Amino acid sequence: MIENNKDIILSAKHVKKYFPIKGFFGKIVGNVKAVDDVSLDLYRGETYGLVGETGCGKSTLGRTLIRLLDATEGTINIEGQDISKITTGEMRKMRQKVQMIFQDPYTSLNPRMRIGDILNEILIIEKIGKRSERMDIVIEMLRKVGLRIEHYYRFPHELSGGQRQRVGVARSIILNPDLIVCDEPVSALDVSVRSQIINLLLDLQQALDLTYMFISHDMSVIRYTSRRTGVMYLGHLVEEAITDELFNNPKHPYTQVLLTAVPSPNPHTKKKRIVLQGDLPSPINPPPGCVFHTRCPIAVDLCKNVCPEMKEINSMHKVACHLVNN
């Protein structure tokens with residue numbers, strides 16, 4: 001485990017993101033607790049995987065960490081600077097350091113603009129390069145992500161899904177950032193294309209010294225890409241570990257459930273599937289105590305009343321569960 005603070009590129013402490021629910025006359029009658037008291041650190045040059053079922057808040061957390069959404073509470077430090085307290089102008093400069101790759105490579109691109117203009121617009125906004133230089137910069141970016149010069153003149157609808165996502169990757173690296181949040185970047189792609197995009201991201205990480213937060217619901221993708229992995233459930237981070245440690249020795253009951261759902265590459269291997277009972281609770285009114293206790297097969301009375309704190313099992317492993325001791 002890296003423990004040297006100078007290697008921390010992002011540090012989030014007790015981050016919450018609530019979306020208000022408005023009733024008659026605009027009165028706030030409740031909140032959707034999408035992210036509820038999450039703390040984590042990202043280390044320079046690593047890939048941190050964030051996994052959980054649909055609706056657990058992982059995409060909202062990723063957007064909040066780079067201030068595409070403003071946090072309701074908590075602090076988020078990027079390279080020692082608390083981005084929740086900086087001005088819009090200062091955040092605009094910070095945008096050069098932090099970028100995002102979106103899940104849908106089609107809706108994230110302007111359908112009325114050619115690919116070259118989409119990428120060139122970023123350079124114009126950030127005042128990078130002279131007018132005569134920008135086309136060369138854009139073409140070089142397209143080359144880096146495996147596209148050709150003719151793609152410069154095409155519209156998004158003229159590209160395949162994989163090619164559009166390559167444009168999304170090019171857009172994220174064109175400002176030479178330090179940190180990129182990858183929000184399920186391959187989930188909308190054909191299986192045959194996914195490995196190409198994943199390997200492209202890993203190659204770019206080595207070449208450009210990038211740090212990734214890789215958000216996915218696919219455990220096999222997380223295992224292949226990530227050095228460390230965090231598991232989210234209903235807005236809470238319930239387990240965090242070195243990826244190999246997490247897969248070989250899962251501690252939290254929810255993580256164990258997720259791993260039993262991963263298909264085995266050997267068709268002759270029999271795996272005991274753990275099936276959760278009940279429905280996912282509403283983030284508008286999450287259960288008291290441990291948020292997982294309503295579906296947990298080993299929950300006790302303590303779980304129903306007291307929310308467990310994240311505790312360290314060893315230098316590579318943390319878990320939020322009352323029933324885990326080592």
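Everything numeric in this text was worked out from a predicted model, so none of it was measured.
- Ion pair Lys130/Glu133 not flagged as a salt bridge, since none of the NZ, NE, NH1 or NH2 atoms sits closer than 4.0 Å to an Asp/Glu carboxylate oxygen.
- Side-chain atoms of Leu109 and Arg171, non-hydrogen and from C-beta on, do get closer than 4.5 Å to each other.
- Between the side chain of His322 and the backbone N or O of Glu309, no donor-acceptor pair lies under 3.5 Å.
- In this structure, Lys27 is not positioned above the aromatic face of Phe24 in the sense of NZ or CZ being under 6.0 Å from the six-membered ring centre and within 45° of the axis.
- Formation of a donor-acceptor pair under 3.5 Å by the Gln103 side chain with backbone atoms of Cys182 is not found in this model.
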inquiry  = Working note: Asp218 + Ser216, criterion side-chain hydrogen bond (donor to acceptor under 3.5 Å, both in side chains); need CA distance, chi angles, decisive distance, verdict.
reply    = CA-CA 5 Å; Asp218 189 330; Ser216 179; 5.5 Å; no
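- Lys58 places a side-chain N or O within 3.5 Å of a backbone atom of Gly52 that can act as its donor or acceptor partner.
- The main-chain N or O of Phe19 is never found under 3.5 Å from a side-chain atom of Lys33 such that the two would form a donor-acceptor pair.
- No salt bridge links Glu158 with Arg164; every basic N to acidic carboxylate O contact stays at or beyond 4.0 Å.
- Here the side chain of Arg227 pairs no donor or acceptor atom with the backbone of Glu46 at under 3.5 angstrom.
- A distance-only check finds no donor-acceptor pair linking the side chain of Tyr18 to the backbone of Glu73 [under 3.5 Å].
- Nearest heavy-atom pair, Val38 versus Val35, reported as atom, atom and distance to 0.1 Å: CG2-CG1, 3.7 Å.
- Ion pairing of Arg295 with Glu53 is present here, as a side-chain N (NZ or NE/NH1/NH2) and a carboxylate O approach within less than 4.0 Å.
- A salt bridge links Glu240 and Arg228; the closest N-O separation between the charged side-chain nitrogens and carboxylate oxygens is under 4.0 Å.
- A donor-acceptor pair is defined here as one N or O able to donate and one able to accept, closer than 3.5 Å; no such pair exists between the side chain of Arg166 and the backbone of Leu147.
- Counting only heavy atoms from C-beta outward, the side chains of Leu246 and Ile222 never approach each other to under 4.5 Å.
- The main-chain N or O of Thr211 is never found under 3.5 Å from a side-chain atom of Arg44 such that the two would form a donor-acceptor pair.
- Not counting sequence neighbours, the partners of Glu126 by the side chain to side chain donor-acceptor pair (under 3.5 Å) test are Gln96.
- Residue Lys93 places its NZ atom among 12 or fewer non-hydrogen atoms of other residues, nucleotides or ligands, all under 6.0 Å distant.
- Within a 6.0 Å radius of CG in Asn314, other residues, nucleotides and ligands contribute more than 12 heavy atoms.
- In summary, Lys318 and Glu312 do not engage in a salt bridge, as defined by a charged side-chain N under 4.0 Å from a carboxylate O.
- Within the 4.5 Å cutoff, the side chain of Leu40 has heavy atoms near those of the Tyr48 side chain.
- Residues Val221 and Phe214 form a side-chain contact, since some pair of their non-hydrogen atoms from C-beta on lies under 4.5 Å apart.
- Counted within 6.0 Å of CD1 on Ile149, heavy atoms from surrounding residues, nucleotides or ligands total 12 or fewer; the atom is thus considered open.
- Listed for the Thr47 side chain is no donor-acceptor partner under 3.5 Å among the backbone atoms of Tyr212.
- For Tyr254, the ring pair (Phe, Tyr, Trp, His ring centres under 6.0 Å) criterion is met by Tyr233, Phe292, not counting sequence neighbours.
- Of the possible donor and acceptor atoms, one in the side chain of Asp82 sits under 3.5 Å from a partner among the backbone N and O of Ser84.
- At most 12 heavy atoms of other shown residues, nucleotides or ligands fall within 6.0 angstrom of atom CD in Gln206.
- Using a 4.5 Å cut-off on side-chain heavy atoms (C-beta onward), Leu50 and Thr229 make no contact.
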